[in-house]
Amino acid sequence: MLRGIDNESIDLEFRNGEMGVKRGEIDLYAEGGIDMAKTVYTCFCTDNIHEGHLKIIEEAKRLGDVTVGVLCDSEMIRYNRFPILTTSERMEMVKRIPGIAKVVVQNSMLYDEVIHTIHPDYVVHGDNWNTGPLQVIRNNIVSLLNKYGGELVEIPYTINEHVQKIDRQMREKLAMPELRRTRLKKLLKLVPIVKTIEVHSGLTGLIAEKTIVSKGEAIDQFDAMWVSSLCDSTDRGKPDIELVDMTSRFRTINDVMEVTTKPIIFDGDTGGLTEHFVYNVRSLERMGVSAVIIEDKTGLKKNSLFGTEVQQTQDSIENFCNKISAGKKAQLSEDFMIIARIESLILRQGQEDALKRAFAYVGAGADGIMIHSREKSPDEIIRFCDEFRKKDKTTPIVVVPTSFNSITESELSEHGVNIVIYANQLIRAAYPAMENVARSILANHRAKEADDSLMSIKKIITLIDEI
Ligand code: SPV
Ligand code: MG
């Protein structure tokens, strides 16, 4: 018994001394026996078929019967290609290419399952995965094929003006306010935990947008960006006390948006006066921001990581609920989220108070809750999440593990957390690096000694892509 390209069984028979094959209802006999078609597999991770893909298909067809895998949504995201089309739309798009035997969903960027079920004689791929993070996927396929003598056929990656233009247009589409705004809600359905990194400028936006790592056997990248009040203020040399006005904060958002496509979660501090908050909700959704997080403090806000070392006042449940409902009423789009941040653990008001507030805020219309802590241990956060999830299985939970930084994303996800925000690490990394270089130049009266800590001139002048 052999396997067909559809993974169905094939019976080999002899009739009148000739070998034939019976596959399903079809009898194939050929004089002098038959030449069994080879099985060829290629995987597409795209919303758009261009000449590069067609070239791969042509080469694959030359080798045998072609099965195309369409990478599923959640893996497209890890690949840094947020899907604009749904999986079934992408499958339809591929099915329209003439001469393809079968289209399947590839559920993992690694090929183990595919190879196991399809057992292709050939896998065809562009040669763009020979360097960089994609190499891990190439290594995975090579070792799988080697086990049974399958072959990897690589063809030169098509890179020309037309293909580059299509790529750019797809990215620009993702950056448009409507599409960008919807992306956070979509992500919440598609990934186990939305990995969010702080941004406070175009440059940090680029880092959030482009950083990809290959770890173990797969690649990964950030899903969303956090426009932190702490970092936005610090970058301007100002304290984090709602001193940087909204117009300046919006400028930061705009700088980030100009060079990125990923969704933005905005740190709205206390939300200010309810009468002002409603205007800011409209402005944020119009810009394409996906969510605002407001914290239940009132009066002069100080950074939460000061805890009770400074005077901070928590808002009443009633006032804060009114602010949330007013924001929800003002909002015009379906997908914008108002997330309520609970400061009870920061202000030592206890779990009971935190939970009471969480349920009240959800009742007032909050689309998610953020629970914050400045403990080194994640225990109080975990306890809160477990208790909250006993009663509420769906409202997204957001956490900011700055002090309880030993906990991993998968542990947080196991306790019902949906969004993790790395809220200040980029600016905390940049400041000491810059200070050290400044010290070195001052101490040596020249820049030579600092050179080893610096990015090369060639890299910095080519860092930013020209349009
Ligand atoms: C921020 O990043 O500005 C935050 C999170 O609000 S924290 O600094 O931990 O309060
Ligand atoms: Mg803040």
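Because only heavy atoms are used, hydrogens play no part in the values below, and waters and symmetry mates are left out as well, while side chains stay in. We count ligands from 1, going down the list as the structure has it; atoms in each ligand are counted the same way.
Under the 6.0 Å distance and 45° angle rule, R357 does not count as a cation-pi partner of F320. At least one test fails for K262 against the ring of F222: distance under 6.0 Å to the centre or angle within 45° of the axis.
Counting only protein N, O or S atoms, the number found under 2.8 Å from the Mg ion (ligand 2) is 2.
Checking S344 against Q314 by side-chain atom types alone, a donor-acceptor pair falls below 3.5 Å. Donor-acceptor pairing under 3.5 Å is lacking for the side chains of D267 and S228. For the 3.5 Å distance criterion, the side chains of E380 and S373 qualify, holding a donor opposite an acceptor. Inspection of the H200 and D232 side chains reveals no N or O donor paired with an N or O acceptor under 3.5 Å.
For ligand 1, the 4.0 Å heavy-atom shell contains residues W226, S228, S229, L230, D267, N303, S304, L305, R341, H372, A423.
Residue N160 is tested with E51, K165, H50 for a side-chain hydrogen bond (donor to acceptor under 3.5 Å, both in side chains); the sole match is E51.
Note on residues 251-260: no pairs pass salt bridge (Lys or Arg N to Asp or Glu O under 4.0 Å), not counting sequence neighbours. Sorted by first and then second residue, the side chain to side chain donor-acceptor pair (under 3.5 Å) pairs involving residues 273-292 (not counting sequence neighbours) are E285-S333.
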